[in-house]
Protein chains: 2
Amino acid sequence: MFSIGSLSQKTGVKVTTIRYYEQIGLIDPAIRTEGNQRRYSESELERLGFIRHARELGFSIEAIGKLIELNQLPDKVCAEANTIAYKQLVETQAKIASLKRLETELLRITKHCKGDGQISDCYVLSSLGDHGKCISNHGADESN
Amino acid sequence: MFSIGSLSQKTGVKVTTIRYYEQIGLIDPAIRTEGNQRRYSESELERLGFIRHARELGFSIEAIGKLIELNQLPDKVCAEANTIAYKQLVETQAKIASLKRLETELLRITKHCKGDGQISDCYVLSSLGDHGKCISNHGADESN
DNA sequence: ATAATATCTACAGTCACTAGAGCTTCAAGG
DNA sequence: CCTTGAAGCTCTAGTGACTGTAGATATTAT
């Protein structure tokens, strides 16, 4: 059995985050010692590792919750897990594309400025004041 | 003079966000009508456009506040504006690199799963449960 | 036994918004 | 002029995923 600090060390998930996950129901409430301290099993260690891994891959807490549910139903078809993962892939690719556009503009803006001019002639500031100078249509994702 | 709704429409910044920006001091409090409604000038319209543009490029509210201050000091050297923009560029590039690594793993995970197997044999779930299968070291940015 | 470290809960903060309740003001139409 | 609907107001709390701290208790090491 592991203490919360031990679990945190082994998984890389912070103590406060582990408590948070318990609070929001992502993980089950831990059993307690007589002194009210949490203790975790090996399988709970593995579960938290799964969660951390999925978080690193950008899955939302909600999606991870679903994946965990699916994992409890071995007879279920895994199309849903695949859908969740595929959706995550698509979102990641969209984010990359969007950031690439931002990079283009930031490169353009920064390479014109040697940082020794006056503010009144500042290319960074004038570029930010004038979207018309932008080559790439970097508008924030219009999905919202 | 523009109403807040008018300003919102012209700039693409939502009404609630404009109020929020006033609350946090990013923009000056608007003058009011007898009926207590906000009215904005052409120059305030331009200022909000600047802010929106900078937000789209990923600058934080804090950074934008600094850029706005710099803009008020025409005699100041623009090295600081350049620093802010360059820092933003570097962060954007780091984020792209990180997302690329995530994409690699998500591609690997999703392409193995046709979605018709059982959960007990699910590659998505087993991959999330076992970081050892990862080709790319996609650990979350360890900058935190 | 004592001191240091780990753990606990409760509450609030982070960042950039966002929503909704309940009210007032404004503008358009009859 | 009156009515109605749209726009605007403040206040408060919520979003998502954490994160920090105060004040207390429990555990571990010396």
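Letters A, B, ... are given to chains in the order of the sequence lines, protein chains preceding strands, and every chain is numbered from 1. Remember, predicted model here, so these are calculated numbers, not experimental data.
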With 3.5 Å as the limit, what N/O pairs link the protein to nucleotides 25-27 of chain D?
none

Q) Are A/Glu91 and A/Lys95 close enough for a salt bridge, meaning some N to O gap below 4.0 Å? A) no
Q.
Taking any heavy-atom pair under 4.0 Å as a contact, classify B/Arg19: base, sugar-phosphate, or nothing.
A. base
Q: In whole angstrom, give the distance that lies between atom CD1 of A/Ile18 and atom P of C/dT9.
A: 13 Å
Q) Does a side-chain N-to-carboxylate-O contact under 4.0 Å join A/Glu105 and A/Arg108? A) yes
Q. So, B/His53 side chain and A/Leu128 main chain: donor-acceptor pair closer than 3.5 Å or not?
A. yes
Q: Among C/dT18, D/dC18, C/dC8, find the nucleotide with the atom closest to the side chain of A/Ile61.
A: D/dC18
Q) If you find the nucleotide of DNA chain C closest to A/Arg38 and the one closest to B/Ser60, which residue's nucleotide is nearer the 5' end? A) A/Arg38
Q) For the side chain of A/Arg32, counting heavy atoms from C-beta on, which of C/dC8, C/dA16, D/dT19 is nearest? A) C/dC8
Q. Have B/Ser41 and B/Glu44 got a donor and an acceptor in their side chains that come within less than 3.5 Å?
A. yes
Q: Hey, which sits more toward the 5' end of DNA chain C by its nearest nucleotide, B/Gln23 or A/Gly5?
A: A/Gly5
Q: Can you tell me which residue pairs pass the side-chain hydrogen bond (donor to acceptor under 3.5 Å, both in side chains) test with a partner in residues 18-30 of chain A, sequence neighbours excluded?
A: A/Glu22-A/Arg38
